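Every chain is numbered from 1, with letters handed out A, B, ... down the list of sequences. The structure presented is a predicted model; accordingly, all values stated were derived computationally and were not measured.
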2 protein chains.
Amino acid sequence: MTTMRKSRKRDRILEILRGTRSHPTAEWVYGRLRRESPHVSLGTVYRNLGQLAEHGIIKRIDFGSAVERYEANILSHHHFVCERCGSVADLEVPVDESLTRKLSQAAGVKADRHEIRLYGTCAACARKGRKG
Amino acid sequence: MTTMRKSRKRDRILEILRGTRSHPTAEWVYGRLRRESPHVSLGTVYRNLGQLAEHGIIKRIDFGSAVERYEANILSHHHFVCERCGSVADLEVPVDESLTRKLSQAAGVKADRHEIRLYGTCAACARKGRKG
DNA sequence: TTGAGTGCAAACTATTTGCAACTGG
DNA sequence: CCAGTTGCAAATAGTTTGCACTCAA
């Protein structure tokens, strides 16, 4: 993680992201930024979003990898995701179906299911030492 | 969603997936399948995994899109994901931090945070009609 | 001055698709 | 026989990277 110098582009990218309630893609941010900086490159947007995320100023939301994963267990269940190696494991705990209704009502949305993801370090990675 | 004929390859793909507790990628399944069918193509694996998922026989785990999304809200919060259009919205409900510990203990893993994702149909999509 | 930031284009990776041959019902 | 399945290769889509140039500290 390198130190961050100040940059007009990055500032604007952050402002754009802060100015929306949606959870935009890099492409969307690029489109917005291009209105004021027609020559900005998509690479710059990716680089800056990545840096901002690395510094904890914004968040990237996905499973930590863009790769699709599949599982044969189609019963509702939750997952544990290792933030070091990206491995995924099923949680051996019962799913509280009523939580979907409770959360939906509280949040004012219409959902028919929910999934919980626990994030941490898996046993294998923990064994390999504490450095990141 | 087309009808599914029986196919040796698809049967094996399903068996391979059922034979692991990991949550493999298409590439991983491909590697396994190639041990017994050296000429199988990656396209076949993708097509079959996709079909099995479409028919609800297996599950695909991700946000419904392989595109990375970013958000400026770095405080812990949950999300609502529309299964029609893939849009993501923050849930305006407080996060129960103690749930991380409770779930971790019950599942026997070491996690330091959790995230809940509600899945359903967003208001905009619901308005556009019931067909899907 | 010097290392970070940028535009541009090329490279990469994961996934999808067109096509001709094959196969199950 | 006919629609679904497959291998192969080419095409996409999203993301990353090398390079030369610019800019901030």
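- Straight-line distance from the CD atom of B/Gln51 to the C1' atom of D/dG4: 8 Å, rounded to whole Å.
- Distance CD (B/Glu36) to P (D/dG7): 12 Å, rounded to an integer number of Å.
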Pairs under 3.5 Å (N/O, protein and nucleotides 18-20 of chain D):
unit_1, atom_1, unit_2, atom_2, d
D/dG18, O6, A/Arg47, NH1, 3.3

Dump every N/O contact between nucleotides 23-25 of chain D and the protein below 3.5 Å, one line per pair.
unit_1, atom_1, unit_2, atom_2, d
D/dA24, N3, A/Arg5, NH1, 3.0

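- Listed by chain and residue number, nothing satisfies the side-chain hydrogen bond (donor to acceptor under 3.5 Å, both in side chains) test with A/Arg5 (two or more places apart in sequence, or in another chain).
- Ring orientation note: the planes of A/His23 and B/His79 are nearly perpendicular, at an angle over 60° on the 30°/60° scale.
- In the helix from C/dT1-D/dA25 to C/dG25-D/dC1, the rotation axis of the first five pairs and that of the last five pairs differ in direction by 40°, rounded to 10 degrees.
- Pairs passing the salt bridge (Lys or Arg N to Asp or Glu O under 4.0 Å) check and including a residue from residues 15-44 of chain A, sequence neighbours excluded, read A/Arg12-A/Glu15, A/Arg12-A/Glu36, A/Arg21-B/Glu92.
- Proximity of a side-chain donor or acceptor of B/His55 to a complementary backbone N or O of B/Ala53 within less than 3.5 Å is not detected.
- Taking atom CD on A/Glu54 and atom P on C/dG5, their separation rounds to 11 Å, with Å as the unit.
- Checked against D/dT6, D/dT16, C/dG7, the side chain of A/Thr44 finds its nearest nucleotide in C/dG7.
- Summarising the geometry, the separation between NZ on A/Lys9 and C1' on C/dC8 is reported as 13 Å, rounded to the nearest angstrom.
- Hydrophobic cluster membership for B/Ile74: none, as no Ile, Leu, Val, Met, Phe, Trp or Tyr side chain comes under 4.5 Å of it.
- Of all the residues in residues 16-35 of chain A, not one reaches under 4.0 Å from DNA chain C with any non-hydrogen atom.
- Legend: residues meeting side-chain contact (heavy atoms from CB on, under 4.5 Å) with A/Leu99, ordered by chain and number and at least two apart, are A/Asp96, A/Leu103, A/His114, A/Ile116, B/Ile116.
- Between A/Glu115 and A/Arg117 there is a salt bridge, with a side-chain nitrogen of the basic residue lying less than 4.0 Å from a carboxylate oxygen of the acidic one.
- Atom CG of B/Asn48 and atom P of D/dT5 are 7 Å apart (whole Å).
- With contacts defined as side-chain heavy-atom distances shorter than 4.5 Å, the pair A/Arg60/B/Arg69 does not qualify.
- Taken together through direct or relayed side-chain contacts under 4.5 Å among Ile, Leu, Val, Met, Phe, Trp and Tyr, A/Leu118 and B/Leu118 form part of one hydrophobic cluster.
- Here A/Ile57 sits in one hydrophobic cluster together with A/Met4, A/Ile13, A/Leu14, A/Ile16, A/Leu17, A/Trp28, A/Val29, A/Tyr30, A/Leu33, A/Val40, A/Leu42, A/Val45, A/Tyr46, A/Leu49, A/Leu52, A/Ile58, B/Tyr70; the rule is ILVMFWY side chains under 4.5 Å apart, joined directly or through other members.
- Rounded to whole Å, the distance from CG on B/Leu52 to C1' on D/dG4 is 14 Å.
- Pairs engaging residues 101-112 of chain A under the side chain to side chain donor-acceptor pair (under 3.5 Å) rule: A/Ser98-A/Lys102 [sequence neighbours left out].
- Place A/Met4 and A/His39 on DNA chain C by their nearest nucleotides, and A/Met4 ends up nearer the 5' end.
- The nearest pair of heavy atoms linking A/Leu91 to B/Ala107 is CD2-CB, 3.7 Å.
- In terms of the side-chain hydrogen bond (donor to acceptor under 3.5 Å, both in side chains) criterion, B/Ser87 has no residue partners (sequence neighbours excluded).
- Contacts of A/Ser22 classified as side-chain hydrogen bond (donor to acceptor under 3.5 Å, both in side chains), with partners at least two apart in sequence or in another chain: A/Thr20.
- Nearest-nucleotide assignment on DNA chain D puts the 5′-proximal partner with B/Val45, out of B/Val45 and A/Gly43.
- Atom CG of B/Leu49 is separated from atom P of C/dT16 by 10 Å (rounded to the nearest Å).
- Remark: C1' of D/dA9 and OH of B/Tyr46 are 16 Å apart, rounded to the nearest angstrom.
- Side-chain proximity of A/Leu42 to D/dT15, C/dG7, D/dT5: nearest is D/dT15.
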